[in-house]
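Everything below concerns the one structure shown next.
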Amino acid sequence: MNKKLLNGFSLMEMLVVLVLMAMLAGLVGPRLFQKVGSSKIKIAQAQIELLTSALDTYRLDVGRYPTTEHGLAALRKEPDGVKNWDGPYLSKDVPLDPWRVAYLYKAPGKEGPFALYTFGLDQAQGGVDEDQDVGAF
């Protein structure tokens with residue numbers, strides 16, 4: 001047999017492979033992390049649509065949206081003093097946003113009967129990419 005095959009790889013061959021792997025990770029890694037950020041925004045949008053649908057069903061039963069004080073918890077547990085509540089309107093607990101923070105809910109909202117939103121990764125108003133605000137204000 002070939003003596004080189006019995007001895008394994010040389011140090012130079014291993015260094016070349018490591019350099020190539022590092023270069024590949026340097027090119028591909030940032031693109032993958034960019035996709036993670038945009039997918040979290042899409043998840044937040046989908047969750048907000050789900051919560052909006054549950055809020056609309058609540059309004060059909062009760063005649064109005066939950067108050068700011070009752071919040072999104074009114075979708076799972078009947079608030080005191082509310083008539084015609086026919087929930088729970090969500091099969092599971094109210095989800096956290098993709099950054100593991102509770103969604104913000106206010107009634108009424110600036111542009112509609114309620115505001116339901118998240119501030120994104122930075123948890124501050126405004127921003128771009130993963131820091132952007134998502135929802136209905």
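Basis for what follows: all heavy atoms, side chains included, without hydrogens, waters or symmetry-related copies.
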Return the CD to OH distance between Glu78 and Tyr58, rounded to the nearest 0.5 Å.
8.5 Å
Would you tabulate the side-chain donor-acceptor contacts of residues 113-124 under 3.5 Å, counting partners in other chains and residues two or more places apart, or write 'none'?
from	atom 1	to	atom 2	distance (Å)
Tyr117	OH	Lys106	NZ	3.4
Thr118	OG1	Asp97	OD2	2.4
Thr118	OG1	Gly120	N	3.4
Asp122	OD1	Ala124	N	3.1
Gln123	NE2	Gly120	O	2.5

Side chains of residues 81-90: which donor-acceptor pairs under 3.5 Å do they make with residues two or more places apart or in other chains?
from	atom 1	to	atom 2	distance (Å)
Trp85	NE1	Ala74	O	2.8
Tyr89	OH	Asp61	OD2	2.8
Tyr89	OH	Asp86	N	2.8

Minimal heavy-atom distance between Gly126 and Asp133, with the atoms involved, is N-OD2, 2.8 Å
Counting N and O atoms only, with roles assigned by atom type, does the side chain of Ser53 sit under 3.5 Å from a partner on the main chain of Glu49, one being a donor and the other an acceptor?
no
Where do Pro95 and Tyr103 come nearest, in terms of heavy atoms and distance?
O-CD1, 3.5 Å
Taking side chain as C-beta onward, heavy atoms only, is Leu55 less than 4.5 Å from Pro66?
yes
Applying the 4.5 Å side-chain criterion to the ILVMFWY set and letting contacts propagate, would Trp99 and Leu104 be lumped into a single cluster?
no
CD of Glu111 to CZ of Phe137, rounded to nearest 0.5 Å, is 8.0 Å
Shortest non-hydrogen pair, Tyr105 vs Ala107, comes out as OH-CB, 3.6 Å
Less than 4.5 Å apart, side chain to side chain, heavy atoms only: is that true for Leu72 and Leu75?
yes
Min side-chain heavy-atom separation Val101-Leu96 under 4.5 Å:
no
Atom pair NZ/CD of Lys40 and Glu130 - distance to nearest 0.5 Å
5.0 Å
